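Everything below concerns the one structure shown next.
What you see is a predicted model; the values in this text were computed from it and never measured. Note on naming: letters A, B, ... go to the chains in the order of the sequence lines (proteins, then strands), and numbering restarts at 1 for each one.
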Amino acid sequence: GENVEQHPSTLSVQEGDSAVIKCTYSDSASNYFPWYKQELGKRPQLIIDIRSNVGEKKDQRIAVTLNKTAKHFSLHITETQPEDSAVYFCAASKGSNYQLIWGAGTKLIIKP
Amino acid sequence: EAGVAQSPRYKIIEKRQSVAFWCNPISGHATLYWYQQILGQGPKLLIQFQNNGVVDDSQLPKDRFSAERLKGVDSTLKIQPAKLEDSAVYLCASRGEANEQFFGPGTRLTVL
């Protein structure tokens with residue numbers, strides 16, 4: 001079955017610097033790749049997603065890139081701010097059920 | 001637009017007791033998911049509904065867990081009898097037109 005690996009498990013960056021989180025997936029038929037942000041004690045919130053017919057997508061300080069050949073996708077956060085501190089999850093899905101296979105999560109720490 | 005609603009927000013029970021969780025998805029969303037999220041891990045899918053039918057319950061521990069969505073709107077998830085390892089946050093999500101999943105605030109279950 002599909003497997004999604006996410007790295008690193010913890011990422012600490014200085015405020016204002018960029019952060020990059022990487023995920024790889026195993027099933028080449030996967031075609032939908034969302035990223036969720038989960039603050040402590042709160043629900044996962046969709047921050048950006050990308051579909052397999054697109055290589056890159058941006059939304060203000062957040063961008064996601066997809067390399068279908070290598071089967072990996074990455075989340076880029078620029079000009080990090082304290083409120084970016086959270087756990088970030090990547091996921092992948094395929095087919096009509098759109099069931100998400102989740103990565104293990106990355107704890108992002110923004111140092112003041 | 002109202003989000004996904006869940007209740008209760010917190011529940012503490014003793015092992016072997018029963019508990020039920022309720023979810024009301026975003027209006028018009030036909031697909032509903034129940035997830036279990038153990039502290040420090042990503043969400044794990046328990047069951048997926050399409051309207052009032054079960055699409056996938058392969059990861060639902062059917063000896064103790066049950067779920068229903070009788071009228072294709074609200075859903076309930078029940079655990080009977082609860083075990084210590086069932087302590088987790090139970091998240092409900094519904095799927096939008098672009099196939100993105102929106103999560104409710106979750107129910108934090110503690111089994112003593």
Any pair with a residue in residues 5-22 of chain B that passes side chain to side chain donor-acceptor pair (under 3.5 Å), sequence neighbours left out, goes on the list, sorted by first then second residue, please.
Trp22(B)-Asp74(B)

More than 12 heavy atoms of other residues, nucleotides or ligands under 6.0 Å from CD of Glu83(A): yes or no?
yes

For chain B, which residues of residues 48-57 of chain A have heavy atoms nearer than 4.5 angstrom
Asp49(A), Arg51(A)

Anything in residues 52-70 of chain B with a heavy-atom distance to chain A below 4.5 Å? Please list those residues in order.
Val55(B), Asp56(B)

Heavy-atom neighbours of Glu79(A) CD exceed 12 at 6.0 Å
no

Segment of Ala93(B) engaging chain A (4.5 angstrom heavy-atom cut-off):
neither

Is Gln48(B) close to chain A through its backbone or its side chain, or both, or neither, when contacts mean heavy atoms under 4.5 Å?
side chain

Can you get from Ile47(B) to Tyr35(B) by hopping between Ile, Leu, Val, Met, Phe, Trp and Tyr side chains that sit under 4.5 Å apart?
no

If two hydrophobic side chains count as joined below 4.5 Å and joins carry through other members, does Ile77(A) share a cluster with Leu11(A)?
yes

Do Tyr33(B) and Tyr90(B) share a hydrophobic cluster (ILVMFWY, side-chain heavy atoms under 4.5 Å, transitive)?
no

Is there a chain of hydrophobic side chains (I, L, V, M, F, W, Y, each step under 4.5 Å between heavy atoms) that links Leu39(B) to Val87(A)?
no

Which region of Gln101(B), side chain (C-beta onward) or backbone (N, CA, C, O), has a non-hydrogen atom less than 4.5 Å from a non-hydrogen atom of chain A, or is it both or neither?
both

Side chain, backbone, both or neither: which part of Val89(B) has an atom under 4.5 Å from a heavy atom of chain A?
neither

Is it true that, when you exclude Glu85(B) itself, more than 12 heavy atoms of the residues, nucleotides or ligands shown sit nearer than 6.0 Å to its CD?
yes

Spell out the residues in residues 30-47 of chain A that have some non-hydrogen atom less than 4.5 Å away from a non-hydrogen atom of chain B, in order of number; otherwise answer 'none'.
Tyr32(A), Tyr36(A), Gln38(A), Gly41(A), Arg43(A), Pro44(A), Leu46(A)

Would you say Phe103(B) and Leu45(B) are hydrophobically clustered, going by side-chain heavy atoms of ILVMFWY under 4.5 Å?
yes

Which atoms of Tyr98(A) approach chain B - backbone, side chain, both or neither, heavy atom under 4.5 Å
both

Chain A shares the most heavy-atom pairs under 4.5 Å, among Arg108(B), Glu100(B), Gln50(B), with Glu100(B)

Leu112(B) atom CG: more than 12 heavy-atom contacts under 6.0 Å
yes

